[in-house]
Protein chains: 2
Amino acid sequence: METMTALAQEGTFSSASSPNVTDTAKQGVDHTACRAVNDVLSRVGDKWSMRVVMNLDGGAMRFNELRRAIDGISQRMLTRTLRGLERDGLVSRTVTPSIPPRVDYALTSLGQSLREPVRALGDWAMANRAAVEDARAVFDSGCDDRDHA
Amino acid sequence: METMTALAQEGTFSSASSPNVTDTAKQGVDHTACRAVNDVLSRVGDKWSMRVVMNLDGGAMRFNELRRAIDGISQRMLTRTLRGLERDGLVSRTVTPSIPPRVDYALTSLGQSLREPVRALGDWAMANRAAVEDARAVFDSGCDDRDHA
DNA sequence: CCGCATCCCTGCCGATACTG
DNA sequence: CAGTATCGGCAGGGATGCGG
């Protein structure tokens with residue numbers, strides 16, 4: 001069971017909040033940490049959440065302002081994404097009862113804090129995008145084209 | 001035959017056609033960065049990719065070994081996930097033509113490097129999971145129950 | 001201006017069965 | 001053991017139209 005101990009210290013997600021790592025063996029990797037990661041990944045990895053968060057980083061924005069900024073999004077999806085983000089406490093929704101009504105969306109501190117790890121991921125993406133695209137092209141060629149060199 | 005990764009090619013992000021990027025403060029978000037982030041998020045944010053990558057972190061594994069380790073996954077999904085990861089150069093596939101056939105999957109250096117930013121995200125997830133769940137509960141209560149007056 | 005409801009199409013994902 | 005093919009359920013997400 002101690003076989004993975006060194007590895008766990010190297011880079012498992014449970015480095016901070018698993019006081020009793022029952023079996024961090026092969027199976028143990030995918031318990032709580034995996035669930036947490038998948039949870040946040042599901043939230044932020046959907047089609048529009050990141051776009052919204054990144055646009056909101058520059059400050060509060062109104063609904064249609066956001067809609068125009070993202071520009072590929074339908075209002076249905078913007079509403080749904082905003083609701084989901086609001087539900088998770090990542091963005092705040094401020095209604096100004098005027099005529100016409102005004103609604104401002106902004107990142108909460110939690111939403112701001114999320115941007116840091118996401119930026120790291122974005123950094124990786126920017127750095128390795130070419131490699132990924134290349135690998136993809138190679139895979140595609142190798143699969144489709146059996147010219148066997 | 002189904003397309004394996006339609007997620008990556010959403011690409012309606014042609015708002016770059018607006019040369020008027022003077023207000024980069026609000027738009028301060030690089031369109032390229034946004035696209036890259038969404039791309040990697042789509043790849044890693046799906047239902048099983050992270051599980052596979054995390055299990056593979058302990059070293060190379062065979063197909064059914066991986067299947068047993070993840071245990072909630074169907075062989076269809078394992079195959080698809082592995083193919084997608086392989087296509088992007090994140091995992092390597094090594095076939096040993098024996099009887100019975102043996103196929104080992106392992107993280108490439110690119111796949112290893114991806115774990116770092118993902119770990120950051122996982123760290124965030126672990127640290128803020130409670131906050132998110134709380135916000136979610138508050139939102140749920142606030143929506144359903146209006147007796148706060 | 002904000003946002004909800006409906007219709008509908010598309011793609012994901014699981015279960016099963018079959019091949020090498 | 002490793003992988004593919006097919007079927008069916010289900011959810012994501014776009015288009016449109018209506019209400020505050």
Expressed as a whole number of angstroms, how long is the span from [X]:[atom1] to [N]:[atom2]?
| X | N | atom1 | atom2 | value |
| --- | --- | --- | --- | --- |
| A:Ile99 | D:dG20 | CD1 | C1' | 10 Å |
| B:Arg102 | C:dG20 | CZ | C1' | 19 Å |
| B:Asn64 | D:dC1 | CG | C1' | 6 Å |
| A:Met61 | C:dC2 | CE | C1' | 15 Å |
| A:Arg83 | C:dG3 | CZ | C1' | 7 Å |
| A:Leu78 | C:dC1 | CG | P | 14 Å |
| B:Asp104 | D:dG3 | CG | P | 10 Å |

Review point. Is there a donor-acceptor contact under 3.5 Å from the side chain of A:Asn55 to the main chain of A:Arg51?
Key: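 Between the backbone of A:Arg51 and the side chain of A:Asn55 there is a qualifying donor-acceptor contact (under 3.5 Å).
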Point to revise | B:Glu86 bridged to B:Arg83 by N-O distance under 4.0 Å | key: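 Looking at B:Arg83 together with B:Glu86, the answer is yes, because their closest N to O distance falls below 4.0 Å.
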Practice item. Flag the pair B:Asp57 and B:Arg115 as a salt bridge only when some basic side-chain nitrogen lies within less than 4.0 angstrom of an acidic carboxylate oxygen. Key: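 Counted as a salt bridge, because a side-chain N and a carboxylate O are separated by less than 4.0 Å.
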Exercise for review: Using a cut-off of strictly less than 4.0 Å, decide whether B:Tyr105 has a side-chain nitrogen or oxygen near OP1 or OP2 of D:dC1.
Suggested key: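 Negative; the distance criterion is not met.
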Review point. Does A:Arg67 place a side-chain N or O at less than 4.0 Å from the phosphate oxygens OP1/OP2 of C:dC2?
Key: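 No, outside the criterion.
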Point to revise | From A:Arg80 atom CZ to A:Ser49 atom OG, the distance as rounded to the nearest 0.5 Å | key: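 Nearest 0.5 Å value for the CZ-OG distance: 11.5 Å.
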Practice item. Remember a base hit wins even if backbone is also touched, and classify B:Thr79 as base, sugar-phosphate or nothing at under 4.0 Å, heavy atoms. Key: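 The answer is base, as B:Thr79 lies within the cut-off (heavy atoms under 4.0 Å) of a base atom.
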For nucleotides 13-15 of chain D, give me every protein contact, N/O to N/O, under 3.5 Å, one pair per line with atom names.
{"from": "D:dG13", "atom 1": "N7", "to": "A:Arg76", "atom 2": "NH2", "distance (Å)": "3.4"}
{"from": "D:dG14", "atom 1": "OP1", "to": "A:Lys47", "atom 2": "NZ", "distance (Å)": "3.1"}
{"from": "D:dG14", "atom 1": "OP2", "to": "A:Ser74", "atom 2": "OG", "distance (Å)": "3.3"}

